[in-house]
Amino acid sequence: MSEEVLEKYMKAGEIACRVRKLAHAIVKPGMRVLELVERLESEILSLGGKPAFPINVSINEIAAHFTPPPHDTSVIPENSIVKIDIGVHIDGYIADTATTIVFDPRYERLAEAANAALEHAVKMLRPGVRFSEIGRVIEATIRSYGYKPILNLCGHSIDVYTIHAGEAIPNHYDLKNVGKLRNNRAYAIEPFATDGVGLVDETSVVTIYALRYNPKKLKGLSLESQTFFNRVFRERRTLPFTPRWYITEVTNIDNILRQLSLAGLLTEYPVLVERTRGVVAQFEHTVVVYRNSIYVTTSSC
Ligand code: MN
Ligand code: MN
């Protein structure tokens, strides 16, 4: 990793941090979720970044991966707990950060548990630290508040234009995970806490997609689908996107996505819900390990 790359990670992190602050300032019960994400996504652009993925707004028992579809009319409910997950990239160097906002005092300690877990995890980071140790600290912190970590959601290594680069950082003490924090790498740490059983399931709702690169399979598709694929790939490679971004450009995006999916050219990210409908809190930072130092790219702005 070069100094220049570190600077891009830091810039992406600063923008993500500013957008997270803006989210805290504007999100209120009654606000349309669509208005919220559009304001946050346009803030990313005006600060000089690009979205690394669509803004996720996951409410109550929804843990992750919801962004409003086009023309969505849903609003932030009263007495809710809202996770906002923000991704920014500069030339493919990604910052991934999330926060939880509570509109009911009964959820405050749950949010505090996830936040404390993230703080404790970040404090112990150094080159060589085992992912299982990070998971142990996250789990112990969340359990000390009387809640459970979500076992099947993890932090992850990050690479250029790649949000989930292959390594998982568990949110529980998982001795099977033999990974270690390494120099010149980027990672997202993201504890999820719940008052439910501590597992998420996929729902049938999908609002976030990513392309899978396989030029051979593109050949048999309609010209319209090929054009869409090439246009999105040029801009985003395999970073996630949402149909909401393209409805003014293509008339039948659902059709195109169906074709791409059938051809194996699409990854789908279903909305994830807590198995027992427990409510969920999440906090997340991105860290870069550069020349044996830890940079929490999304913590200061
Ligand atoms: Mn995230
Ligand atoms: Mn993440």
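When a ligand or atom number is given, it counts from 1 through the structure's own listing order.
- In this structure, Tyr213 has its ring center under 6.0 Å from that of Phe233.
- In this structure, Arg32 CZ and Ile76 CD1 are separated by 12.0 Å, a value rounded to the nearest 0.5 Å.
- Below the 2.8 Å limit, the Mn ion (ligand 2) has as protein N, O or S neighbours Asp96 OD2, His156 NE2, Glu190 OE2, Glu284 OE2.
- Heavy-atom neighbours of Arg231 CZ from other residues, nucleotides or ligands within 6.0 Å: above the threshold of 12.
- For residues 278-301, no pair satisfies salt bridge (Lys or Arg N to Asp or Glu O under 4.0 Å), with sequence neighbours left out.
- Around atom NZ of Lys50, no more than 12 heavy atoms belonging to other residues, nucleotides or ligands sit under 6.0 Å away.
- Proximity of the aromatic rings of Phe241 and Tyr269 is defined here by a centroid distance below 6.0 angstrom, and this criterion is not met.
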